[in-house]
There are 4 protein chains.
Amino acid sequence: MKFKYNNELFDKISEEKKSRILEAAITEFADYGYDRANINKIAEKAGVSVGSIYKYFNNKQDLYLAIVNFSVEKLKTVLNEIISSEIDFLSTVEKIIKAIQLFSRSDVYLTKLYNEMATENNSELVWKIASDMEGISANLYSSIIKKAQDDGQVRKDINSDYFAFFLDNLFILLQFSYSCEYYKERLKMFIDEKVFDNDDLLAEELLKFIKGAFYLK
Amino acid sequence: MKFKYNNELFDKISEEKKSRILEAAITEFADYGYDRANINKIAEKAGVSVGSIYKYFNNKQDLYLAIVNFSVEKLKTVLNEIISSEIDFLSTVEKIIKAIQLFSRSDVYLTKLYNEMATENNSELVWKIASDMEGISANLYSSIIKKAQDDGQVRKDINSDYFAFFLDNLFILLQFSYSCEYYKERLKMFIDEKVFDNDDLLAEELLKFIKGAFYLK
Amino acid sequence: MKFKYNNELFDKISEEKKSRILEAAITEFADYGYDRANINKIAEKAGVSVGSIYKYFNNKQDLYLAIVNFSVEKLKTVLNEIISSEIDFLSTVEKIIKAIQLFSRSDVYLTKLYNEMATENNSELVWKIASDMEGISANLYSSIIKKAQDDGQVRKDINSDYFAFFLDNLFILLQFSYSCEYYKERLKMFIDEKVFDNDDLLAEELLKFIKGAFYLK
Amino acid sequence: MKFKYNNELFDKISEEKKSRILEAAITEFADYGYDRANINKIAEKAGVSVGSIYKYFNNKQDLYLAIVNFSVEKLKTVLNEIISSEIDFLSTVEKIIKAIQLFSRSDVYLTKLYNEMATENNSELVWKIASDMEGISANLYSSIIKKAQDDGQVRKDINSDYFAFFLDNLFILLQFSYSCEYYKERLKMFIDEKVFDNDDLLAEELLKFIKGAFYLK
DNA sequence: CATGAATGAGGATTCATTCAT
DNA sequence: TATGAATGAATCCTCATTCAT
């Protein structure tokens with residue numbers, strides 16, 4: 001299913017203006033959270049009028065959903081590239097971990113936004129967002145695992161859906177731990193202050209963890 | 001380190017009134033998030049005056065931190081009971097999983113609150129909260145793993161700190177998946193609508209996942 | 001030094017609207033004092049929204065400082081006209097006395113405001129206001145006196161700075177005595193109920209007082 | 001006329017408790033002004049309960065009036081001592097100036113309070129306060145001047161009531177200039193930063209000013 | 001279409017005053 | 001009489017949204 005949160009007018013403006021608006025919105029929402037984010041400041045940062053913002057998007061929530069959607073698409077692209085490279089399961093996982101580390105460092109705001117979004121209490125909004133992510137990880141991981149099981153790379157006595165879920169859980173918290181203040185502090189408390197200086201070690205241990213879980217020889 | 005977010009006056013009032021206020025606050029903060037939570041409504045729900053709330057707590061943030069602290073203590077109690085029961089590693093993990101499932105169902109608001117809290121953008125606040133949780137999971141899990149390694153229950157070629165981190169990640173997202181709207185929707189997408197009707201299956205698969213990761217025979 | 005307490009937006013609106021807002025603010029602040037003055041009431045009186053007030057001025061204090069500044073400018077204009085008329089010292093003093101009497105009657109609120117302002121306990125605010133008035137009386141009177149000394153109109157065995165200060169003291173309390181409740185009551189007690197019916201007598205006696213002090217033949 | 005602003009109960013408590021309450025109130029009112037003064041803080045500072053304060057005084061305004069009254073009495077005592085010493089006019093004035101300088105330095109709060117009080121906008125309150133001060137300066141100065149005129153010390157072509165008023169104006173602003181932030185800044189602008197290091201010079205010049213005004217040979 | 005000034009409802013916080021103990 | 005916990009009205013300020021130009 002595909003949702004559209006912007007009005008037609010937004011489709012017509014220049015790509016440059018579009019991205020100026022999206023970037024401004026992502027930064028503001030990620031920095032202050034949904035509630036404290038200020039539409040007037042977003043307009044100013046983007047160099048357009050508030051009036052225009054409201055011509056492009058019906059309201060604050062729609063603008064929010066639009067950028068969430070935008071960030072999801074960006075993530076999908078990264079993941080799809082990895083998946084389509086047709087390598088073995090473990091290498092795929094390793095690539096994903098590295099990609100998350102890279103992505104979370106460069107696109108901090110997108111991950112913060114994801115976390116912010118997941119906290120949203122408005123249930124209608126939650127449903128819209130969750131649906132929006134549909135298929136992205138759930139089906140993706142599940143099918144990779146099934147394929148790996150067929151190939152004999154992964155143990156067969158596991159439920160691929162549940163294991164896809166656990167795998168994604170590890171990935172999600174990895175992202176948060178690289179982007180969101182609270183989870184960063186938390187990671188430091190588990191390891192130490194210097195944990196962020198050694199991405200490879202973390203990747204290596206996580207891979208070991210996952211490898212064990214999936215019973216890879 | 002130990003913080004105290006309420007004023008002395010709060011210590012003096014009846015336990016019944018205390019819990020009325022804490023419950024009202026937890027519900028409000030968990031339902032609406034920090035920003036949209038309304039102190040006046042909390043006071044009304046708790047059956048006290050706003051003035052009293054501000055006699056007990058210096059401001060909205062302190063009230064918030066107080067209930068976070070309160071929920072952390074509640075979690076600690078549950079975990080400590082399990083840990084102190086001196087059983088083998090795998091049984092401990094199993095007990096924790098079951099406890100999370102139970103706790104998350106009964107104390108939905110506490111977990112929602114945790115999620116809400118972890119999203120907070122105010123960095124000073126984040127630091128206070130994170131410090132507050134110090135030792136709870138980080139040291140706890142790490143030491144259990146180390147002990148299990150010494151006992152020969154768990155593989156020795158892993159870094160106990162990192163594995164404690166991954167383990168906690170799985171637990172945290174398990175909690176969220178039972179309490180927070182977004183994560184509930186997400187879990188449904190990974191498995192199906194009926195996933196919440198079969199807690200045991202989820203527990204079983206997660207245990208299998210962790211067992212594999214920790215290389216238990 | 002020159003301060004600006006309003007935002008640019010305020011400069012752009014119509015003179016009519018500007019003065020509606022300033023008048024409303026002056027009246028409210030002078031009637032109730034800084035603390036009890038109500039921004040919402042000011043907005044209502046001025047026929048604009050609270051939001052607009054806060055677009056024009058950053059906060060209550062800035063609005064207050066803006067009108068203080070405004071009233072100072074008004075006073076300066078009156079004084080400068082008198083000074084620049086190039087008459088002898090005693091005539092200048094006489095003109096100032098008459099001007100104060102006139103001004104205090106017509107612009108009661110400005111003087112009440114001055115008194116209110118001088119009472120302000122917030123020291124940062126006090127410094128801003130005092131600096132704002134810089135040069136208005138201090139340098140003005142002092143230089144007039146010096147010039148009068150050079151001309152032989154005024155005795156030379158006095159310190160012109162101190163005498164300027166004493167002179168201004170007399171002027172300030174004259175203003176208060178015509179505008180502020182307390183000082184009005186006080187004046188009545190010194191003279192009688194009908195003192196305000198005979199401005200000329202007061203002016204005449206004050207002139208006599210000052211004339212003696214400055215040793216004019 | 002004599003007013004009483006405290007309830008009978010206040011008369012019965014120990015002098016020590018009385019003065020603890022009055023001192024606390026004077027400090028608070030002078031520091032923060034009538035509006036921002038906090039009755040609960042006054043009670044705490046004085047070491048009594050709020051309930052007691054409200055047993056002793058009907059409300060905030062009455063407590064305020066009571067301390068104003070108290071401070072007036074203190075001033076009266078100082079002035080009466082000077083007046084009753086039966087010296088010549090100029091020496092009396094000199095003594096008063098020195099007394100003001102001394103008093104304003106030691107009892108800063110009383111003078112700040114006077115200024116605060118004089119700004120009060122509530123007209124009923126103003127009338128009460130002004131009446132309270134009745135006779136203190138008005139009649140006092142006027143009669144001294146009349147006596148000095150009879151003695152031939154002071155010129156006879158002046159209205160003693162008006163000149164008493166001008167004289168008191170100079171005294172009042174002298175007090176303010178030693179006690180109140182705004183007037184202190186103002187004095188510095190007339191003279192310089194070091195003006196407060198040389199009380200004698202100021203006294204000398206003021207005496208010169210007054211001497212001239214009163215035509216003393 | 002774009003602009004950006006104007007709107008006004010909503011919420012955290014304070015503090016004079018009361019009253020049960 | 002003394003206490004001090006409880007009350008709740010009152011007010012500054014923000015910001016999503018509108019609409020005249």
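Excluded from the calculations below are hydrogen atoms, water molecules and symmetry mates; all remaining heavy atoms, backbone and side chain alike, are included. By convention in this document, chain letters (A, B, ...) are assigned in the order of the sequence lines, proteins followed by strands, and residues within each chain are numbered from 1.
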Would you check if the side chain of D:Glu28 reaches a backbone N or O of D:Ile39 as a donor-acceptor pair within less than 3.5 Å? no
Give a yes/no on whether any side-chain N or O of [X] is located under 4.0 angstrom from OP1 or OP2 of [N].
{"X": "B:Asn59", "N": "E:dT13", "value": "no"}
{"X": "C:Asn38", "N": "F:dA10", "value": "no"}
{"X": "C:Lys55", "N": "F:dT14", "value": "no"}
{"X": "D:Ser49", "N": "F:dG4", "value": "no"}
{"X": "B:Lys17", "N": "F:dA5", "value": "no"}
{"X": "C:Asn40", "N": "F:dT11", "value": "no"}
{"X": "B:Tyr54", "N": "E:dT14", "value": "no"}

What nucleic acid atoms does C:Tyr56 come within less than 4.0 Å of, heavy atoms only: base, sugar-phosphate, or nothing? sugar-phosphate
What contact category does C:Ala43 fall into here, base, sugar-phosphate, or nothing, at under 4.0 angstrom with non-hydrogen atoms? nothing
Classify the side-chain pair C:Asn58/C:Asn7 by whether it contains a donor and acceptor separated by less than 3.5 Å. yes
Do the two ring centres, one from D:Tyr5 and one from D:Phe57, sit under 6.0 Å apart? no
SB check B:Glu15 B:Lys18 (cutoff 4.0 Å): yes
With both distances kept under 3.5 Å, what pairs with E:dT17, Watson-Crick or G-U wobble? F:dA6
